[in-house]
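Working notes, beginning with the structure itself.
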Amino acid sequence: EEIYGNITVGEAELQGLKDTTPPEFFGVNPLPVDKNSIPDYYTGVTVIDDRDGEVRFWVDSSRVDTTRAGNYYAIYNAVDSSGNSAYYRRLVSVMHSAEDTEELAVSIAATLSNDVEEIRDYVRNRIRYSYDWGGEDPVWHGFNTLSGNCYVHARCFQALLRAKGYETMIIWVEDQTHYWNLVKIDGVWRHMDSTPDSVNHTRYSIMTDEMRYETLSGRDWNRSAWPAAE
């Protein structure tokens with residue numbers, strides 16, 4: 001600054017703000033993959049840094065086992081030019097097959113005796129009641145989430161019975177508001193219900209047609225569609 005010929009000189013030190021902001025991942029949604037496949041961990045995923053723009057990243061998928069159905073995590077990592085690191089755990093779901101469902105039922109059945117009431121009670125006590133139908137695979141859903149409606153319970157009971165060598169089929173009332181099982185016991189068909197938390201469904205353990213009808217509050221099934229349990 002110059003005033004009346006005098007000059008004042010000042011000095012200022014300019015310091016840039018230190019970059020402490022890590023980059024951010026985008027597109028790392030849960031990844032469903034088929035068994036025995038080679039997942040694509042990179043497509044659709046980007047990492048953006050507020051200073052560097054798009055940043056390269058790498059993936060550690062060593063803990064993902066695509067030979068076995070289940071949920072795993074792949075670890076994503078990126079570092080910007082300032083040394084700030086970003087990590088992300090991406091859920092990788094290896095989808096199950098029909099063989100997986102059958103193996104699961106067989107493995108559970110192996111822990112139980114051949115007594116039909118013990119098998120029924122395992123399903124009734126293990127799987128809590130909900131309004132969920134179990135999606136495309138009610139048996140897998142029931143045994144893995146431990147929840148489901150009467151249809152899920154009937155399907156899970158059926159899977160265990162078949163693993164034990166029993167002949168069984170699903171049966172339902174005409175308005176399809178309830179499902180249970182017919183089981184051939186010592187050559188005779190009987191009704192059995194594995195749905196929990198219902199007085200009506202537990203009044204009788206192994207039921208004839210007459211006993212079953214007494215528990216259904218006036219509902220009936222198509223008697224011509226299933227064998228009689230007399």
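Sequential numbering from 1 along the given sequence is applied to the chain's residues.
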Grab the two heavy atoms, one from Tyr72 and one from Arg63, that are nearest each other, plus how far apart they are.
-> CD2-O, 3.2 Å
Go through the side-chain N and O atoms of Gln158 and Tyr166 and say whether any donor and acceptor fall under 3.5 Å apart.
-> no
Is Arg223 positioned over the aromatic face of Trp221, cation under 6.0 angstrom from the ring centre and no more than 45 degrees off axis?
-> yes
Between Asn181, Asp209, Thr215, which is the residue that forms a side chain to side chain donor-acceptor pair (under 3.5 Å) with His191?
-> Asp209
Show the numbers, then the answer: is there a side-chain contact (heavy atoms from CB on, under 4.5 Å) between Tyr88 and Asn77?
-> CA-CA 7 Å; Tyr88 198 95; Asn77 180 256; over 6 Å; no
Flag the pair Tyr42 / Phe57 as yes when their ring centroid distance falls below 6.0 Å, and as no otherwise.
-> yes
Over-ring placement of Arg155 relative to Tyr179, 6.0 Å and 45° cut-offs = no
Kindly assign one of parallel, tilted or perpendicular to the pair Tyr131 and Tyr129, based on the angle between their ring planes and the thresholds 30° and 60°.
-> perpendicular
Should the pair Asp100-Lys35 be classified as a salt bridge under the 4.0 Å nitrogen-to-oxygen rule?
-> yes
Quiz item: cation-pi between Arg89 and Tyr73, 6.0 Å / 45° = yes
Looking only at heavy atoms, what is the nearest atom pair of Tyr213 and Gly218, with distance?
-> OH-O, 3.7 Å
Answer yes or no: does atom CZ of Arg68 have more than 12 heavy-atom neighbours from other residues, nucleotides or ligands under 6.0 Å?
-> no
Atom CD in Glu230, atom CD in Glu210: separation rounded to 0.5 Å?
-> 11.0 Å
Would you say the side-chain atoms of Asn84 and Asp80 include a donor-acceptor pair closer than 3.5 Å?
-> yes
